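Following: one structure in structure tokens, then a few remarks.
No experiment lies behind these values; they were computed from the predicted model shown. Both counts, for ligands and for their atoms, begin at 1 and track the order of listing. The first residue in the sequence is number 1, and the count goes up from there.
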Amino acid sequence: MAESAYKEMWEKLNLDIDAHEGLLEVLGKFYGDIYLSQQGRLQGAEYLDFVLSEVHGLRIKELQDAKAQGRKIIGSFCVFVPEELTLAADAVHVGLCSGADAGTEMAETMVPRNTCALIKSFVGFKLAKICPFTESCDVVVGETTCDGKKKAYEAFAEHVNMYIMEVPQQKNACDHDLLRAEMKRYMEELEKLTGKTIGVDDIKKGIAIANGKRKAIQRLNALRKADPAPISGRDALLINQISFYDDPVRFTAKINELCDEIEARIEKGEGVAPKGTPRLLLAGCPMAVPNWKLPYIVEGSGAVVVGEESCIGSRNIRDLVDEDATAKATTVDELLDLLTDRYMKIDCACFTPNDERLDNIADMAEELGAQGVIHYALLFCQPYSHEAFKVDKTLQAKGVPMLAIETDYGMEDVEQLKTRIEAFVETLES
Ligand code: BJ8
């Protein structure tokens, strides 16, 4: 499709064409520096390059085509919003988390300055009219997780059609019941929106697609145990980011192909960095596209990233909806129970207490052979900044060193972070 046809599409979506072009230009340069400059990339990374190059083009065209066929587009900011139900309603589910600070000044007219970069980013993208995903959505589903998001959604609702899903903050029986009720409420909302009655087979289909996607990333993550590391942390992060907005069936097929290539590479003893390169696990806040800052710094500091403990990483794919029980289920109610069981396992820092996250990080570090962990919290993110102390204590007890960093999407602190990370990596080597 010609660029001019995209322009027409972007105009119809009411984007600010000049500001949007400026964003794409920066994004393209950034991508070239961080991704295309890598040595020893997998051939399957062509898929990643293609998806990224068409993220505001072909993918948006696909969304418009889906809309023309009567399908609805649902945007979300959190892995608590059950994609299985969106798919069951034959709607399209896209992640809207934003990882760039374009539009921050505008965002600060609507949310306080001491709000995390992720929230300012999605607000800023909307106010600056530069996100064709947000503009394509029929409904944006928010959720009651952290206070920053909850309150930002109130302001955001003045600009987009919002639906808010309640997410519990603890994991008692009553919290399970609350999420179960919210699953049903979301399903009914989808039925109202799409005019489709969701049945057993629809939910089973949604579960199969979402589980398939999770299994492909689980397979990838298991392959990352190899030394030398067969794929860079940058590419692995990008795969997780793309999983939120590409077509899920296409994504799963492509990532499984990529895993075949990785298996062959491991067999030959090849990798993206020499055997013995210090291995690090990143843990903490989600890194939404195009936030590639931290893995880029880490991998330019003599280490390789072997895992991401975050919602754009293992937290989103670790647990499947029980497949045997799904196959046996004969009612919508049973399937909603199974979905609830799966979603209650999410170890977001918004829960209190959230001790399973501590165990999960320690287990991941061990399984992946990580010699150290970098805990990443966005500035002003209370939940993850608080948990950094507990994660550190847990890892110390296991003899795994941890470096806690707090940052945002700006580039001002890159040199300072590089110095700290290089020093941390040196301690791992000695
Ligand atoms: S399930 S991690 S996607 S809420 S960084 S906005 S927590 S102040 S993103 Fe999240 Fe769902 Fe939890 Fe995952 Fe608030 Fe922190 Fe900002 Fe955050």
Which residue and atom name correspond to the protein heavy atom nearest atom 11 (Fe) of ligand 1, and how close is it?
C78 SG, 2.3 Å
Sort by chain and number the protein N/O/S atoms that are closer than 2.8 Å to atom 15 (Fe) of ligand 1, and list them.
C381 SG
What I want to find out is whether R315 reaches E309 closely enough, with some N-O distance under 4.0 Å, to be called a salt bridge.
yes
Lys/Arg N to Asp/Glu carboxylate O, E308 vs R224, below 4.0 Å:
yes
Taking only heavy atoms of [X], which atoms of ligand 1 are found under 4.0 Å from at least one of them?
X    : answer
C348 : 1 (S), 2 (S), 4 (S), 12 (Fe)
T145 : 4 (S)
C311 : 1 (S), 2 (S), 3 (S), 13 (Fe)
P286 : 9 (S)

Could you go step by step and tell me if D347 and N354 meet the side chain to side chain donor-acceptor pair (under 3.5 Å) rule?
CA-CA 6 Å; D347 56 351; N354 190 33; 5.7 Å; no
Non-hydrogen side-chain atoms of R41 and V272 separated by less than 4.5 Å
no
What is the ring orientation for F156 with F77, classed by angle as parallel under 30°, tilted 30 to 60°, or perpendicular over 60°?
perpendicular
Taking the inter-plane angle between the rings of F122 and Y153 on a 0 to 90° scale, is it parallel (under 30°), tilted (30 to 60°) or perpendicular (over 60°)?
parallel
Nearest protein heavy atom under 4.0 Å from atom 17 (Fe) of ligand 1, yes or no:
no
Could you work out, with salt bridge (charged side-chain N to carboxylate O under 4.0 Å, His left out) as the rule, every residue matching D319, not counting sequence neighbours?
none
Taking all atoms of both residues into account, what is the closest heavy-atom pair of K293 and D413, and its distance?
NZ-OD1, 2.8 Å
So among V298, I297, I374, L403, which one has a side-chain contact (heavy atoms from CB on, under 4.5 Å) with L417?
I297
